[in-house]
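Every value quoted in this text rests on a predicted model; they were computed, and no experiment measured them. Numbered from 1 within each chain, the chains take letters A, B, ... in sequence-line order.
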Number of protein chains: 2
Amino acid sequence: MSAQNAAPRGTTAAPASSADGGAAALKQLAGQHATGYRSVGVMVYDILKDAILSGALLPGQKLRQETLAELIGVSRLPVRSALIQLEADGLVEFHDRRGAVVKSLSPAQAKEVYDIRVLLEVEALRLTMAALTDARVARLRELGKAADRQQEGSDFVDARTEFYAELYDAEQRPVLWEMIEQLRLKVGRYVLGWRLVGDAEHSHTHEQLIEAVASGEVDRAVDVLRDHLVGVRDAVLELLEAESTAADAAAPASRGRSPR
Amino acid sequence: MSAQNAAPRGTTAAPASSADGGAAALKQLAGQHATGYRSVGVMVYDILKDAILSGALLPGQKLRQETLAELIGVSRLPVRSALIQLEADGLVEFHDRRGAVVKSLSPAQAKEVYDIRVLLEVEALRLTMAALTDARVARLRELGKAADRQQEGSDFVDARTEFYAELYDAEQRPVLWEMIEQLRLKVGRYVLGWRLVGDAEHSHTHEQLIEAVASGEVDRAVDVLRDHLVGVRDAVLELLEAESTAADAAAPASRGRSPR
DNA sequence: TCACGCTGTTCTGGATCCAAAAACCACGAA
DNA sequence: TTCGTGGTTTTTGGATCCAGAACAGCGTGA
């Protein structure tokens, strides 16, 4: 129903959108969100979130309210609402009276995120496996396949999210799930680029995980999960290091260029 | 510098403010926040947060924007900003086009909160104790005493927060601390009432904890922390059960009374 | 030549105004 | 008497307007 065209491409090093501040890509995303009724505020929120996660808006990017407003085609007010929500999510940062910018993540913080995720997700997995039905396993297989199929665009994130929501039994444990979601969000931007850096073997993770879960061997399942997370963590850290040194090199120049 | 008068009193069962929707208490709180410069939006946010945490605004309480606005003495807009932030914190809940209400916590969710807190805070404590300086210990003793002294008002929360921020080295581990803070916030409302229900022995927790930390015996410190959290958890659960049954009994009647 | 201060512009944050959806109330019919 | 229906009122959510703070560009003086 929504998009399958190439919105997030080359998100890793130098997105095509870095010059115009992601304007073009943003307009793309705005178009895709014309579905059903949601308050304009949350629509804008979704658009901006996608833009950040897909890399159309890069860390450090200044978010001028009026620009965003007319780009999306609404007034400034819902944009402000969306920015406040994004601030709470930790995706953007407000500087008193100087507006909002896309927040960046230091390597140390990224490491924290993944270390905490290991803690929480291992716990979630244990709880899940303590009471697992055949129906749930079947559904997991299904969602896992769906997630593996969707390897492009923002649907990619959604598909994976659904998979993990089922795996961790989000319905039964809303608080734990909320925490995990928050952490996933914080590193979402880097994981979308992940496929580009990482190797293909990682795509088998779902299968391995499901198999281990289905077998009922808790320890093995936990090991698979932990290995996966640590693997992604190290890849993200590598990417972040590269990015920050690249930024250090590029910053002086691009700072000097007045953005008009 | 700020207030030391008795703002939140009798928060546990039936606050005096339940009849007028916390209006009186809210005006109290509004007065106390006249300090330095913060944008009006975050000021309102702080006021409302305090109001909810102190029990001036009870779960289920409808939050009419205009009422709050003129009660605090600002326009509706910063109130909206504040409500959005509070929603992100999980303290209020938006119902599409029907406004915001103070969110309530189910016993199951409260249990989740504390179980996750055990996980995270034990980890935080371990990390802290892996590299602890004498200076930090000294500072902890100081903050601990300050926290024990402040047993009233919203400063109570702040003092304890400072203590734990130091204990868990918030500076060094911002993500982990942020997670812990969020969880503490979710149950904040019940913990403020805690002193009223709980027994006095709990007030020695700080001392025990500090002593164990200072001694360098990680396992013992972890045990103290875990015991404390589990103790509070059970007390909160008890309180929540009582509250929910009381609400079940009272709700039909108070629902019938039109709140004008 | 460089540093400093002044002035005009831009942008955020807050207030006010408007439209549409939801709740409330009263009336009427079964 | 109770349920349904129509109209009125309240209240949210969005758009527009306004004031004050930050920024940039320019000129002047050392």
Side-chain angles (χ1 to χ4, degrees), chain A residues 21-23 30 33-48 57 60-88 92-103 254-260, chain B residues 20-21 23 26 30 33-48 57 60-88 92-103 251 254-260:
Chain A
H33 281 268
T35 62
Y37 175 77
R38 300 197 299 307
S39 78
V40 179
V42 309
M43 183 190 72
V44 175
Y45 168 79
D46 284 342
I47 292 173
L48 291 180
L57 294 173
Q61 169 77 247
K62 197 161 181 325
L63 299 170
R64 281 196 35 237
Q65 300 179 353
E66 186 151 11
T67 308
L68 295 175
E70 59 194 32
L71 218 48
I72 299 176
V74 297
S75 98
R76 265 179 52 208
L77 204 120
V79 173
R80 271 161 80 173
S81 305
L83 288 176
I84 294 174
Q85 287 180 264
L86 288 168
E87 186 198 21
V92 314
E93 201 173 10
F94 271 83
H95 292 171
D96 255 2
R97 279 179 179 149
R98 294 215 254 125
V101 298
V102 179
K103 206 168 173 180
S254 70
R255 283 273 260 172
R257 301 198 102 315
S258 113
R260 169 173 289 266
Chain B
D20 67 343
L26 205 66
H33 282 267
T35 62
Y37 175 76
R38 299 200 297 309
S39 77
V40 179
V42 309
M43 183 191 71
V44 174
Y45 168 80
D46 285 342
I47 292 173
L48 292 180
L57 294 173
Q61 170 76 247
K62 198 160 181 326
L63 298 169
R64 282 195 32 235
Q65 302 180 352
E66 186 152 11
T67 308
L68 295 175
E70 60 193 33
L71 218 49
I72 299 175
V74 298
S75 97
R76 263 180 52 208
L77 205 121
V79 173
R80 271 161 81 172
S81 304
L83 289 176
I84 294 174
Q85 286 180 263
L86 289 167
E87 186 197 20
V92 315
E93 201 173 10
F94 271 84
H95 292 168
D96 254 1
R97 283 191 169 133
R98 294 215 252 129
V101 298
V102 180
K103 207 168 174 179
S254 70
R255 281 274 258 172
R257 299 194 98 329
S258 113
R260 166 186 302 258

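- Considering only the side chain of A:Val40, D:dG14 comes nearest among D:dG14, D:dG13, C:dG14.
- Put simply, CD on A:Glu66 is 11 Å from P on C:dT10, counting in whole angstrom units.
- Between the C1' atom of D:dT12 and the CD1 atom of B:Ile84 lies a distance of 12 Å, rounded to the nearest Å.
- For the pair B:Leu77 CG and D:dT12 P, the interatomic distance rounds to 13 Å; values are reported in whole Å.
- Side-chain nitrogen and oxygen atoms of A:Arg98 include at least one within less than 4.0 Å of the OP1 or OP2 phosphate oxygen of D:dC23.
- Taking atom NE2 of A:His95 as the reference point, atom P of C:dG13 lies 11 Å away to the nearest angstrom.
- Residue B:Arg64 is classed as a sugar-phosphate contact, given heavy-atom separations below 4.0 Å to backbone atoms only.
- Rounded to a whole Å, the CG atom of B:Asp96 is 18 Å from the P atom of C:dA20.
- Of the options A:Val101, A:Leu83, A:Leu86, A:Val79, a side chain to side chain contact (heavy atoms under 4.5 Å, CB included) to A:Leu63 is made by A:Leu83 and by none of the others.
- A:Phe94 places its CZ atom 9 Å from the P atom of C:dT12, with the value rounded to the nearest Å.
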Apply side chain to side chain contact (heavy atoms under 4.5 Å, CB included) to A:Leu68 and A:Val44, showing your working.
CA-CA 9 Å; A:Leu68 295 175; A:Val44 175; over 6 Å; no
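- Put simply, the residue from A:Glu93, A:Gln61, A:Glu87 that forms a side chain to side chain contact (heavy atoms under 4.5 Å, CB included) with A:Lys103 is A:Glu93.
- Note on A:Gln65: a side-chain N or O is less than 4.0 Å away from OP1 or OP2 of C:dG13.
- In this structure, the side chains of A:Ile72 and A:Val40 stay at 4.5 Å or more apart for every pair of heavy atoms.
- When rounded to the nearest whole Å, the span between NZ of A:Lys62 and P of C:dT10 equals 14 Å.
- One atom, CZ of B:Arg97, and another, C1' of D:dG14, lie 10 Å apart when rounded to the nearest Å.
- Using a 4.0 Å heavy-atom criterion, one finds that B:Arg76 contacts the bases of the nucleic acid, with or without backbone contacts as well.
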